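First comes the structure, then the notes that go with it.
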Amino acid sequence: MLELIADAFPALKAMRHEMHRHPELSLEEEWTAAFVADRLRELGIEVHTGIGGHSVVGVIHGSGPGPSVALRADMDALAIHEQSGLPYASKTTGKMHACGHDGHTAILIGAATHLARTRQFRGTVYLFFQPAEERYGGAQMMIDDGLLARFPAERIFGLHNWPGLRAGAVVVHDGPVMAGTGEFEVTFTARGGHAAMPHLTGDPILAGGHFVTGVQQIAARAIDPLSASVVTIGSFQGGIAQNIIPTKTVLTGTFRAFSLDTLKLIQRRLEEIVGSAAAIAGAQGNIRFDDGLCPPVVNTRAEGKLIRDVAAELFGESELESLPPTMAGDDFGVFLQHLPGAYIWIGNGETGEGAGLHQPGYDFNDDILVRGASLLAATAERALA
Ligand SMILES: [Zn+2]
Ligand SMILES: [Zn+2]
């Protein structure tokens with residue numbers, strides 16, 4: 001399998017670099033989607049575009065009727081100014097493929113190359129090239145636009161590169177892989193006024209302070225200690241001078257957990273703490289949750305076993321590693337709300353300071369393109385054997 005796809009390496013590497021030069025933010029992936037659609041058409045693959053944004057769906061039929069499986073890659077980039085110094089670095093100031101989605105997309109094109117030319121399976125392989133993974137919930141947008149009705153996959157598989165993990169090594173989690181996430185914006189308002197007369201104004205800064213300390217109690221007191229969760233306030237803005245109590249403060253943050261129930265519990269506690277913090281400080285409080293909740297990525301047992309077995313056969317048992325799950329999120333979890341599947345990590349190799357995921361020195365490791373493509377292609381073949 002590795003040898004069968006190895007001859008595609010120069011082409012996959014060139015495609016990856018081309019995509020790296022042209023990063024597009026979530027919801028803006030027009031050039032990338034057209035690039036992917038062209039590559040699939042060159043392979044003689046049936047192509048559908050524009051399902052829930054700048055997505056591409058490829059359909060590969062096997063040698064006869066049978067079950068179906070989907071393989072997914074994400075295509076969007078991040079609002080980061082690249083400082084990798086690479087010859088194929090981003091040509092767009094302030095935008096960068098800093099999560100390796102250019103690599104994931106090239107890997108799925110590599111898997112498609114093999115599946116389209118060999119067709120050694122029955123049934124159908126669907127290729128889901130997804131937009132807006134980093135923000136705005138591209139997976140949900142595709143599903144809301146009828147993705148699974150038009151392309152009824154019965155199982156789904158995908159991968160994410162993992163810096164710090166030996167290049168090409170594979171991690172398949174039993175159950176939770178990545179956390180579910182929610183984001184919020186809190187506004188405290190009051191009359192504001194003279195710093196020396198707080199009894200006349202109410203204080204949105206004090207309300208914000210109570211809110212920041214109050215949310216620390218969620219993981220400590222409201223959640224089962226055996227269930228991981230985190231709430232972080234990432235911004236706190238308000239005030240203009242040392243002697244004026246302002247009329248408004250705005251705080252934003254994110255929360256993560258490994259079950260939707262826990263995420264909902266955190267949401268409820270956040271609402272309650274906003275109300276209490278506002279009351280203590282004589283202010284009014286309001287909380288707004290962005291984009292709904294993104295569910296956790298939790299592998300189903302049979303699909304985790306399937307892709308682990310395939311990886312062991314292709315690369316050898318010694319290439320299977322184990323790592324704890326991460327509190328980082330990925331909207332692959334949205335697909336797993338609808339169908340069984342597994343999301344695996346493939347090692348991107350050791351990276352230096354400032355070269356991790358979402359950092360300006362990051363780069364995807366081309367040496368894992370063929371491995372990733374082989375693993376996804378062989379997984380599809382096994383699922384449809
Ligand atoms: Zn990312
Ligand atoms: Zn990513």
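Note that the coordinates shown come from a computational prediction; the quantities given were computed from them, not determined experimentally. Every number for a ligand or one of its atoms is a count from 1 in the order of the listing. Along the sequence shown, residues carry numbers from 1.
Remark: Gln120 pairs with Thr118, Glu381 by the side chain to side chain contact (heavy atoms under 4.5 Å, CB included) rule, at least two apart or across chains.
Checked for salt-bridge contact, Arg135 and Asp290 miss the test: no charged N lies under 4.0 Å from a carboxylate O. Between Arg268 and Glu271 there is no salt bridge, since none of the side-chain N atoms of the basic residue sits less than 4.0 Å from a carboxylate O of the acidic one.
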>> Working note: His104 + His101, criterion ring pair (Phe, Tyr, Trp, His ring centres under 6.0 Å); need CA distance, chi angles, decisive distance, verdict.
In response: CA-CA 5 Å; His104 305 160; His101 297 186; 5.4 Å; yes
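Counting heavy atoms from C-beta on, the side chains of Val298 and Phe258 never come closer than 4.5 Å.
Ordered by chain and number, Cys99 SG, His101 NE2, His160 NE2 make up the set of protein N, O or S atoms under 2.8 Å of the Zn ion (ligand 2).
Environment of CZ in Arg301: sparse, with no more than 12 heavy atoms of neighbouring residues, nucleotides or ligands closer than 6.0 Å.
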